[in-house]
Amino acid sequence: MEIEEVISFLGRHAPFDRLSVSVIASLARKIEIRYFPRGTIIIDAGKENDLLSIVRSGAVELRLGGTELSHRLGEGAVFGYPSLLHHERTRNQVVAHEDSLIYQLPKAAFLKLLESHDTLKAFFAKDEAQRLRLAVAGLRQSEKGNGDAAMIAVKLGSLLRRKEVITASPRDSISDAAKLMTRADVSTLPLIDQGKLVGIITDKDLRRRVLGQDVPVSEPVSRVMTTDLITMAPDDHLLSAMLLMSQHNIHHMPVVNSANAIVGVISSSDLLNRFGMNALQVVAEIKAATDAAAIARAARRVDAVLAHLTESGVDAGNVARFVSNIGETTHSQLLKLAEEQLGPPPVPYALVVFGSLARQEQAGGSDQDNGFILDDSYDARAHGDYFEKLATLLCDGLNSAGYVYCPGDIMATNDKWRQPLSVWKERYRNWIAKPDPENVLNTTIFFDMRCVAGREELVDSLREQIFAWSSANKIFLSFIARAAAHTRVPLGFFRNFLLQHDEREGDVLDLKHQAIAPVVDIARVYALALGLSEVNSEERLRKAAEKGALSQDAVSDIIDSFEFIRSVRFRHQSGQIRQGAAPTNNLSPELLSRFEREHLKDAFRVIRDHMDIVSRKYAGNIQ
């Protein structure tokens, strides 16, 4: 009966639940069951250890060096394995926190088991970060076989047609170039000089730059060709090409080799024909829209794009970038149409967005957060009416497109967020100089910003001033680091999830505020401390490593955690979308697979450790 109980218990707890019944049965016969009263030292720090221990009932405490409490472990938790794997003395003292039953497996049996089971090797890797890294790598690999998932591994070279590329010289006449395009039945013509790509001309160029401008067709084609080219290499991946084409509204991507010689041209139609609906198609429809209603129809397909990309195995970072690009395009096209309706702006200005869209980390169900930074020549009496109407057209259009009005009224329709540059600077200066709780809250909202339309130099000027003030103000940095440390990851002492209660959905994990926000906070603290211009969280962390503020391994650990949490979030939202529901960030733990459950816990541990590091580094360890 004891053996049957051990088999049943192991079969319910990671990582043994991944083993076959026969392997678990063999393992159970090697296990010894021991009882430890409360307060008993099970493993002492600095001593030899030759047993893998599993908590059957009760609870144990791990004390680093025998003094500092580092973890409490409950039923099903495993301890003692680092010293077995690395053949070294123990670093932690393990004490029974309650009367406890412990299963113990001899070292030789444990190591032999690892030799033949890779899944156990991954689980018992040195630490949570290493386990998580293996899990993220395995997740990406396993998703490559799902649906259209081959798209994530496709290289551009494989999409090129195996025939000679039709090209011309920039010295050829426009007439000759047009005739060549007609004979060859191509809509894009690369222009080559001394074997290298120097420009490109398309059907649209001929219409707009030649016929539309009454340029004589006897002129050399160099006069109307596009020279500021974005190119890619044959070994670049399709996903990167799609993102670039979507961001820049490019319909043809020249593919060149290392010598800048043309090897082919990828068109948006090539991608659409092969992979169906994607962000490229939605962005193109938004760009072509002639009224707000058409923009809304196209933009509301963002949920379908999110689900398609997620189910195709696209990693979470790129899903977020594609979703964000649709949001950014929606903003800029609505603003363009509004200017056409109202006339040109009376003074220069910039449309700035805040939060996840600014970081290019948007997910499903996002609201709008935006404002206008106006040139200091702005006069409220002379110009106020224009910009109020412009803001109304923008924000109403965004709401119709699915980006609902901001509950906190952080929108350009609020004249508080529709101000000259000098007013914006003074506002940020006050927030930094007086870091009270409200101003620190503003830091988390407004310090992630990006220009999506208008005069980018206005936003750059503001950002440069902000980082000069923030990086020099140690008191301000201590306050924002302290605020970041107060965001508790949803993991309790017993590796159980700490849930939040939602009136409609019950007890849930709030993936946005409990799990993703802490990583964003960590990255923002480093950006403000180091004066980094990057806005995207991953880019901020990598730049911080370049500056020596944290190690490359630390960055990899945080980014892997971020990637895994966001992948869980996107799979959850994709499932909601396919069921016809609006995507949310609330997830019932009951919906998690065992794989997701265990590695979310690993991710939360990694994040918590790095929040502590930020607190020690910038907040004086005051929380």
Side-chain angles (χ1 to χ4, degrees), residues 127-137 139-140 240 243 315-321 323-324 354-363 443-450 463 466-467 470-471 476-478 480-489 511-570 599-600 602-619:
D127 54 23
E128 289 89 353
Q130 202 166 336
R131 279 205 302 271
L132 192 63
R133 191 169 298 125
L134 291 168
V136 170
L139 189 66
R140 291 171 180 161
S240 300
L243 187 57
D315 63 278
N318 274 312
V319 174
R321 283 182 172 85
V323 170
S324 298
F354 307 103
S356 60
L357 180 55
R359 297 190 304 271
Q360 295 183 306
E361 294 166 7
Q362 206 159 50
T443 299
T444 65
I445 297 171
F446 293 100
F447 279 57
D448 299 345
M449 62 176 172
R450 190 162 56 86
R463 183 183 290 112
I466 290 169
F467 287 125
S470 63
S471 59
F476 168 73
L477 289 174
S478 72
I480 63 163
R482 200 176 307 170
H486 281 154
T487 305
R488 296 300 180 188
V489 295
L511 293 174
K512 177 180 178 180
H513 295 102
Q514 289 184 283
I516 291 171
V519 178
V520 173
D521 288 343
I522 290 170
R524 185 187 300 111
V525 170
Y526 281 114
L528 291 172
L530 300 171
L532 306 179
S533 61
E534 285 75 13
V535 184
N536 178 265
S537 296
E538 290 186 28
E539 292 173 3
R540 283 173 164 175
L541 291 167
R542 291 193 175 97
K543 194 68 176 181
E546 290 179 19
K547 297 281 188 179
L550 69 171
S551 69
Q552 293 290 349
D553 283 345
V555 170
S556 296
D557 294 345
I558 301 170
I559 289 177
D560 282 341
S561 301
F562 198 38
E563 168 80 5
F564 191 84
I565 293 167
R566 291 197 295 171
S567 71
V568 171
R569 178 198 207 183
F570 281 129
H599 289 297
L600 274 178
D602 288 338
F604 296 155
R605 277 288 314 281
V606 169
I607 294 168
R608 187 167 64 191
D609 289 347
H610 282 283
M611 290 174 71
D612 291 342
I613 291 170
V614 166
S615 176
R616 290 194 297 271
K617 187 187 292 279
Y618 296 111

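- Classification of Arg542 and Glu546 as a salt-bridged pair fails, no side-chain N sitting under 4.0 Å from a carboxylate O.
- The side chain to side chain donor-acceptor pair (under 3.5 Å) check on Arg359 picks up Glu361, Asp448, with sequence neighbours excluded.
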Q: Please step through side-chain contact (heavy atoms from CB on, under 4.5 Å) for the pair Glu534 and Tyr526, ending with a clear verdict.
A: CA-CA 11 Å; Glu534 285 75 13; Tyr526 281 114; over 6 Å; no
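- Of all non-hydrogen atoms in Ser533 and Phe467, the two that sit nearest each other are CA-CE1, 4.1 Å.
- Among all heavy-atom pairs drawn from Ile558 and Val606, the shortest one is N-CG1, 4.4 Å.
- Put simply, the side chain of Thr443 reaches to within 4.5 Å of the side chain of Phe476, judged on heavy atoms.
- With hydrogens and angles disregarded, no donor-acceptor distance shorter than 3.5 Å links the side chain of Arg321 to the backbone of Gln360.
- For the pair Ser556 (side chain) and Gln552 (backbone), a donor-acceptor distance under 3.5 Å is present.
- Taking 4.5 Å as the limit, some side-chain heavy atom of Arg569 sits within range of a side-chain heavy atom of Ile516.
- Judged by distance alone, with hydrogens and angles left aside, the side-chain atoms of Ser537 form no donor-acceptor pair with the main-chain N or O of Ala523 at under 3.5 Å.
- Shown here for Val525 and Ala481, the closest heavy-atom pair between the two residues is CG2-CA, 4.1 Å.
- Using a cutoff of 4.0 Å between basic side-chain nitrogens and carboxylate oxygens, Asp602 and Arg605 are not scored as salt-bridged.
- Across all non-hydrogen atoms, the minimal contact from Leu530 to Ala549 is CD1-CB, 3.7 Å.
- Ser567 places no side-chain N or O within 3.5 Å of a backbone atom of Ala316 that could act as its donor or acceptor partner.
- Side chain of Arg463 to main chain of Met449: a donor-acceptor pair is present (N/O by atom type, distance under 3.5 Å, no hydrogens or angles).
- Within the 4.5 Å cutoff, no side-chain heavy atoms of Thr444 are placed close to those of Val520.
- The shortest heavy-atom contact between Gly317 and Arg566 is CA-NH2, 3.4 Å.
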Q) What's the verdict on side-chain contact (heavy atoms from CB on, under 4.5 Å) for Phe564 and Leu600, showing C-alpha distance, side-chain angles and the deciding distance? A) CA-CA 7 Å; Phe564 191 84; Leu600 274 178; 4.1 Å; yes
